[in-house]
Amino acid sequence: MIDQTWAERAAGSKLECEVNGKAVSAEITPSTRLLSVIREDLGLTGTKRSCEIGRCGACMVLVDGKPVNSCLTMAYQCSGKKITTIEGLAGEEMLHPVQQSFLEEGGYQCGYCTPGMIISVAAMLAENPKPSMEQIEEHMSGNLCRCTGYGGILRSIERAIERGGQSDDRG
Amino acid sequence: MLLNRRTSGDRWRIRPDGPGKVTGQMPYLTDMSAPGMLHGAVLRSPYPHARIVSISTEKALALTGVRAVLTYADVPGLNRFGIAHPDHPVFCEDRTRFIGDAVAAAAADSIALATEALKLIEVEYEVLPVVDDPEAALAEGAPQLHEQGNVQHRNDYRHGDLEAGFAACAHIVEEIYQTPRQMHTYMETEGGLFIPEENGRLTVYSPTQHGFMDRMQLARILDRPETDIRIVSSPIGGSFGGKDELNVQPYGALLALATGRPVKLHHSRWESVRAGLKRHPMKITMKTGTDAEGKLLAHRVRIVSDAGPYSTLSAEVLNFAVEHVLGPYRFGAAEVTSVCAFTNNGMSGEFRGFGGNQAVFAMEGQLDRLAEKLGMDPWRLREINLRKPEDPGPLGQPISRTDGVRQVWEALGDSRLWRERESLKAISAEASAPPGLPVPPWIKIGYGAAFVMHGAGLGVGIPDPAGGRLRLAKDGKIEAVFGYEEFGQGLIASLEQMLIEQYGFAADDLRIVIGDSDVVPDSGSSTASRATSMMWQSLRRLRAPFKGKLRAEAARILGRPAESLKPLNGGVRDIESGELLLTYEELANQAEEEIAAETSFFYPTSPVERVGSHFMYSYSSVAVKVEVNTLTGRVRLLDQYHAVAAGPVVNPQGYLGQIEGGSGMALGFTITEDAVMDKGIYLTRNLDTYLIPTIAELKGTFEVEPIEKLPEGDEYGPRGIGELGSVGLAPAIAQAIFDAAGKRVAKLPVDPQLLQERISFD
Ligand code: FES
Ligand code: FES
């Protein structure tokens, strides 16, 4: 259902939200997608564009901690929300444990699916640190990779689970 | 030994491009933008075949914010492109031949305005009859798409007395194999940024597999010297052959030069589907026979391939298929006739495997069918007919000596997966019910295997230059400069790993420079599984001259005999103690002249006339276990094993990834992927109907076993593996389906209806 009040308020309006911990604002129309705000207005090109119909996960970001395909998310729906893109996932000093796992296990080749993939895994593990194979399959089926055949990605996920949220080898 | 992170030990390294990729910090060329940038868009034909009566751009140009609208009349040079045969119009003049044909292009202040401008371009068309099938294209009276007619290319091959061969056969099988219009589906769609520089040059930031080829083609279109164009072509968000040919580049370049402003283009997925290349759909008819013992006596093949409207590399792909429908086997007599026809379907072109995928699916299918007739184990039938190390290549040409066929044949027989099959067979021969948990009667398990002998390099008759340069830069970094591209395969990582392992340098000593036509030498294309092999050979040639120069200059500076020095990690060291005497930075600062070495040569080819025949090959055998659900007709891949004989493993992570990734694509080719067309119109428009495998389809067990041993005295080192993994899976799955459900698959992707069975409950 369309949230009328939001839609009305958003017509030719300003989006105010928080991206990677910083307050941002952008001019939007009712049909502006979050993806274009992120890539074009904010220049955060780590979030990728591929199918634009919610099928591939290349554009995935976290909105209030939940993974969403930003190509399908209307910008006005994000007012006041906390958005995390791949650029905002790592800490100051250290990579996010999921990033570290992808790096070590080679969970990427061309790397174009990788930001969305990592966001998706991070969201999955935040919710459920020890997912079963069925849960992994269920959660990750919306993230397509054409290069790896998912072998490296599965090993990276396994490694990230073993790490239990640690970026170094204490996990 | 199986290849994985554990068995690779220290050789399993973090890729140099990894940190940029996992953090999203590495910009792709389609992520770039520039101040004052315009957005470009291309108007494409709404009809698969039409005459253009008139084009008017006035209204579009009148729209505020539209900076240029171009048609064929605005192309200063050759209004054509195509790597091998330039017959693809940049802009159509008087006729469109497919649904992706470009008629005009616009540049405007925003993407919305550019799209609006396209709507205002008035084109009057007269619709022409559509040729949507290659056989129909070849029939008498078919509308002719080009002056030369509808035959894009033919290639025939014969040896021995075929009729006598068939007459002597005890068993003959005939089958027609059909393969789909597979889409590369690189996750990054085509695009780029085109910048007219102040000095009059043009910089092109756009993915391609051979920057110098793009430069040559663009120079021809723009009618400018090649030196006026700089091509920056890496990194690439996937290509698989699909970005080797020009795509957005002519439009970006023309619009940027027309407006004098930077122009960006980036295809939507639908535009990528519509205009982009696909794998050639082929129909391969085979008649193959053996004697009573299983010796192959006669093999007749006809290949019909769908080029779509223009040539690109269709002829070369067909030549490759002709070679690979013969494969690693010896026949008493063989005849291959083949033709590639122009149609009004989508563009076909280069795609990982290069015609081998279609050919091997058919060839291996014949072996499996013959084995059934003979009542023989299919793997044993292959053994009887395999080539010997000293045998000539598939087309009778001399090839680099190798025992790869035997190696991968044996490895598969010894694999865990194949032994599991053997032991199950032994049990089910004794017992009436299979062991293990009770499974519902509609779940059926089967095993299959296939063989691949895959040519590497472009083959005879196609210029195949190779080479590279090493130099000590002013800042003390050792630069490895090669004209290859990184599209995810791990080329940068492989180059770094070779310099560390073979030269003794440290990762920190190195800077890898690729993908920029202003600074790299022409090392040939990053295609045909050749780049790693060419880098290895280049580094072997460069080692003595480059290290010799480093040593000589260090000796002069240090005033010590060169023999006592060795350039290693960090700098030049004492050969005995290993003590660091001179860092590379010091060496670079004090050197009298630049220390550099360069090599150029040609990829080794066979000394024969036959265009496309190969000299080097990679070999693999693939075994699979699948589950067929006869209620739904769905096939699940449970387990796979790949033995690969392609020389030394340069980069374990890359090697494993290439076989896994190639196999993933092959699974799609086998069970779901087809860009469906109806009368020249794509019904498939995006990834909701074009289904590439997800993690759910590819979670099964996967084993890769590299066989690194090469014959004594081999000088060529690692053979390519970039395509190999994508070839053998389809026939192995087809055989496993037969093993499970008793149904022969001859058309891909597998139609679930073929496998569905009525269940009777009495
Ligand atoms: S681009 Fe958003 S899901 Fe594919
Ligand atoms: S790494 Fe290329 S698409 Fe996943």
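By convention in this document, chain letters (A, B, ...) are assigned in the order of the sequence lines, proteins followed by strands, and residues within each chain are numbered from 1. Model, not experiment: these values are computed from the prediction.
Here the side chains of T29(A) and Y76(A) are not in contact, with every heavy-atom distance at 4.5 Å or above. Side-chain contact between T672(B) and E697(B) is absent, with no heavy-atom pair separated by less than 4.5 Å. Contact of the I157(A) side chain with the S101(A) side chain is not registered, since no non-hydrogen atoms from C-beta on lie closer than 4.5 Å.
Looking at M133(A), only its side chain comes within 4.5 Å of chain B, counting heavy atoms on both sides. Proximity to chain A involves both the backbone and the side chain of S268(B), based on heavy atoms less than 4.5 angstrom apart. Within the 4.5 angstrom heavy-atom criterion, only side-chain atoms of L656(B), from C-beta onward, approach chain A. For E188(B), the parts lying under 4.5 angstrom from a heavy atom of chain A are both the backbone and the side chain. Residue E660(B) touches chain A through both its backbone and its side chain, counting heavy-atom pairs closer than 4.5 Å. Contact annotation for L89(A): neither backbone nor side-chain heavy atoms come within less than 4.5 Å of a heavy atom of chain B. Contacts of I118(A) with chain B are made by side-chain atoms alone, with heavy-atom separations under 4.5 Å and no backbone atom involved. Interface remark: S272(B) contributes no atoms to any contact with chain A (heavy atom separation under 4.5 Å). When heavy atoms are compared at a cutoff of 4.5 Å, R55(A) approaches chain B solely by way of its side chain, counted from C-beta outward. Neither the backbone nor the side chain of S663(B) has a heavy atom closer than 4.5 Å to any heavy atom of chain A. The part of I236(B) that comes within reach of chain A is its backbone (N, CA, C, O), which places non-hydrogen atoms under 4.5 angstrom from that chain. If you measure heavy-atom distances from L44(A) to chain B, you find no contacts under 4.5 Å at all. Within the 4.5 angstrom heavy-atom criterion, atoms from both the backbone and the side chain of Q658(B) approach chain A. Residue E52(A) touches chain B through its side chain alone, counting heavy-atom pairs closer than 4.5 Å. For R155(A), the part sitting under 4.5 Å from any heavy atom of chain B is the side chain, from C-beta outward, and nothing else. Contact of E134(A) with chain B is not made at all, since no heavy-atom distance falls under 4.5 Å. Contact annotation for P693(B): both backbone and side-chain heavy atoms come within less than 4.5 Å of a heavy atom of chain A.
The choice from G46(A), S141(A), P115(A), A90(A) that makes the most heavy-atom pairs within less than 4.5 Å of chain B is S141(A). Counting heavy-atom pairs closer than 4.5 Å to chain A, the top-ranked of the candidates R269(B), M26(B), M187(B) is M187(B). In terms of heavy-atom pairs under 4.5 Å with chain A, the best-connected choice from G238(B), G664(B), G24(B), G668(B) is G24(B). In terms of non-hydrogen atom pairs under 4.5 Å with chain B, the most contact-rich of I136(A), T114(A), L144(A) is L144(A). Ranked by non-hydrogen atom pairs under 4.5 Å with chain B, the options M117(A), K48(A), E40(A), E138(A) are led by K48(A). Of all the listed residues (H96(A), E87(A), E137(A)), the one sharing the greatest number of non-hydrogen pairs under 4.5 Å with chain B is E137(A). Residue with the most contacts toward chain A among H184(B), K699(B), H266(B): H266(B) (heavy-atom pairs, distance under 4.5 Å).
Under a 4.0 Å N-O distance rule, the pair E18(A)/K81(A) does not qualify as a salt bridge. Between E271(B) and R274(B) there is no salt bridge, since none of the side-chain N atoms of the basic residue sits less than 4.0 Å from a carboxylate O of the acidic one. Using a 4.0 Å cut-off between charged side-chain N and carboxylate O, R5(B) and E105(A) make a salt bridge.
Judged purely by atom type and a 3.5 angstrom limit, T670(B) uses its side chain to pair as donor or acceptor with the backbone of A666(B). Distance alone, capped at 3.5 Å, places no donor-acceptor pair between the K243(B) side chain and the E190(B) backbone. Panel note: side chain D639(B), backbone V624(B); no donor-acceptor pair is recorded below 3.5 Å. Here the side chain of T32(A) pairs no donor or acceptor atom with the backbone of A75(A) at under 3.5 angstrom.
S239(B) and D244(B) share no side-chain donor-acceptor pair at under 3.5 Å. In the model, Q109(A) has no side-chain atom that pairs as donor or acceptor with a side-chain atom of T148(A) under 3.5 Å.
By a heavy-atom distance cut of under 4.5 Å, W12(B), I14(B), R15(B) are the residues of residues 6-16 of chain B near chain A, going up by number.
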### Query
Does the pair V68(A) and V61(A) meet the rule for a side-chain contact (heavy atoms from CB on, under 4.5 Å), with working shown?
CA-CA 6 Å; V68(A) 302; V61(A) 298; 4.0 Å; yes

### Message
Checking S726(B) against E723(B) for the side-chain hydrogen bond (donor to acceptor under 3.5 Å, both in side chains) test, could you report, in this order, the C-alpha distance in whole Å, the side-chain angles of both residues, the deciding distance, and whether it holds?
### Response
CA-CA 6 Å; S726(B) 73; E723(B) 298 173 281; over 6 Å; no

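For A675(B) against Y682(B), the heavy-atom pair with the smallest separation is CB-CE2, 3.9 Å. Closest approach of N357(B) and R279(B) over heavy atoms only: OD1-NH1, 3.0 Å.
Counting non-hydrogen atoms of other residues, nucleotides and ligands closer than 6.0 Å to CD of E127(A) gives a total of 12 or fewer.
With S234(B) as reference, E485(B) is the one residue of E485(B), E486(B), Q209(B) to meet the side-chain hydrogen bond (donor to acceptor under 3.5 Å, both in side chains) rule.
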